[in-house]
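Written below as structure tokens is the structure these notes are about.
The figures that follow rest on heavy atoms only: side chains count, while hydrogens, waters and symmetry mates do not. FYI, the numbering just counts along the sequence from 1.
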Amino acid sequence: MLVVEDEPKMAGLLRRGLAEEGYGVDVAADSPAGLSAASGGGYDAVVLDVMLPGFPGFELCRRLRERGIEVPVLMLTARDAVDDRVRGLDSGADDYLAKPFHLEELLARLRALTRRGPLVSARGLVAGNLRLDSEGMRCWRGEAEVNLTAKEHALLEFFMEQPGRVLTREVLLENCWDLAFEANSNVVDVHVRALREKIDRRFGVRSLETVRGVGYRLRADGGRRAAQP
């Protein structure tokens, strides 16, 4: 979880409460730090205060959505006016909780947000600036469209439905191929290599990672800039 909250006492309360529920917690004390952390990806949800140093939480949420980052956002604020709740939801937030609040309610709302499954928006599956339109079979990295074969599309869709999860070659064979292929076939490696060339290397990004001796995983943040040789 990422908590973006400038009031130290409230930030400490949220950190402790979330940690006791088993979450890993990062805290950002202002909106620029929160935007940077959330843009890096890897979070199951963001708890976002509205009144922040730098710029308002509404603006932070809006910028995240403009970047294609669809992490669930729970806005947390002392402002309980209907107009503020509407503004928060219109900026891209998924839920809104007014202070003062019961920690149990916040935890329940976060559980509801994080059990919704893969992040699907009007734009389809999203991981950082990597987007996939499953129905139209189209893919984009940022504003650039990426042409994929049917098999590459099926592979990427399966990865994007489970961001951050390590998928073995056997699981990929079972879900993206028919039963004609043997488990020891290198067909998975060949297609993953081709997919990586199109969605990563072309853009100088690393999102499709090899977990040695196990399989592959897609970074939940959609990829980081590859190190220069």
Side-chain angles (χ1 to χ4, degrees), residues 1-2 24 26 36-46 64-72 114-229:
M1 296 288 170
L2 173 65
D26 290 335
S36 176
S39 298
Y43 295 106
D44 292 323
V46 176
L64 288 176
R65 299 313 188 217
E66 284 183 346
R67 296 181 183 188
I69 298 168
E70 299 292 338
V71 61
T114 57
R115 67 171 173 250
R116 289 178 181 174
L119 298 176
V120 183
S121 70
R123 292 166 292 185
L125 290 163
V126 177
N129 72 345
L130 184 64
R131 295 181 286 129
L132 191 71
D133 174 4
S134 298
E135 293 184 0
M137 293 191 67
R138 300 177 68 188
C139 175
W140 296 265
R141 170 70 79 178
E143 297 303 314
E145 186 163 2
V146 181
N147 294 318
L148 302 178
T149 66
K151 187 59 66 180
E152 290 163 355
H153 184 278
L155 262 178
L156 182 57
E157 182 176 35
F158 193 62
F159 278 116
M160 292 185 74
E161 287 173 345
Q162 303 164 87
R165 178 185 171 192
V166 179
L167 302 174
T168 66
R169 291 168 178 82
E170 291 75 18
V171 166
L172 292 169
L173 271 174
E174 181 180 342
N175 287 273
C176 300
W177 276 267
D178 58 35
L179 299 178
F181 289 94
E182 297 291 334
N184 60 359
S185 168
N186 72 339
V187 67
V188 171
D189 303 297
V190 170
H191 280 81
V192 167
R193 193 179 309 123
L195 179 60
R196 184 183 278 148
E197 191 70 36
K198 292 183 178 182
I199 67 170
D200 283 358
R201 288 180 183 149
R202 173 185 165 191
F203 300 95
V205 171
R206 289 180 180 171
S207 69
L208 199 48
E209 299 178 329
T210 300
V211 180
R212 233 173 253 286
V214 183
Y216 301 96
R217 70 175 162 222
L218 181 77
R219 289 174 58 93
D221 60 6
R224 59 186 176 185
R225 185 64 55 182
Q228 297 299 315

From [X] [atom1] over to [Y] [atom2], what is the distance, rounded to the nearest 0.5 angstrom?
X	Y	atom1	atom2	value
Arg138	Leu148	CZ	CG	11.5 Å
Leu218	Ile199	CG	CD1	6.0 Å
Arg193	Thr210	CZ	OG1	9.5 Å
Leu156	Leu132	CG	CG	5.0 Å

Which residues satisfy the side chain to side chain contact (heavy atoms under 4.5 Å, CB included) test with [X], sequence neighbours excluded?
X	value
Ala144	Arg202, Phe203
Val171	Phe158, Leu167, Thr168, Asn175
Ala154	none
Asp200	Arg141, Arg196, Val205, Ser207, Leu208

Of the non-hydrogen atoms in [X] and [Y], which two are nearest, and what is the gap between them?
X	Y	result
Tyr216	Arg169	OH-NH2, 3.6 Å
Glu157	Ser134	OE2-OG, 2.8 Å
Val46	Ala38	CG2-CB, 4.4 Å
Ala220	Pro163	CA-CB, 3.8 Å

Set of salt bridge (charged side-chain N to carboxylate O under 4.0 Å, His left out) partners for [X], sequence neighbours left out:
X	value
Arg219	Glu209, Asp221
Arg201	Glu197
Arg165	none
Glu152	Lys198

Exactly one of Asn129, Leu130, Asp133 clears side chain to side chain contact (heavy atoms under 4.5 Å, CB included) with Trp140, and that residue is Asp133

Applying ring-ring contact (aromatic ring centres under 6.0 Å, His included) to His191 and not counting sequence neighbours gives Trp177

Do the non-hydrogen side-chain atoms of Pro72 and Asp44 ever get within less than 4.5 Å of each other?
no

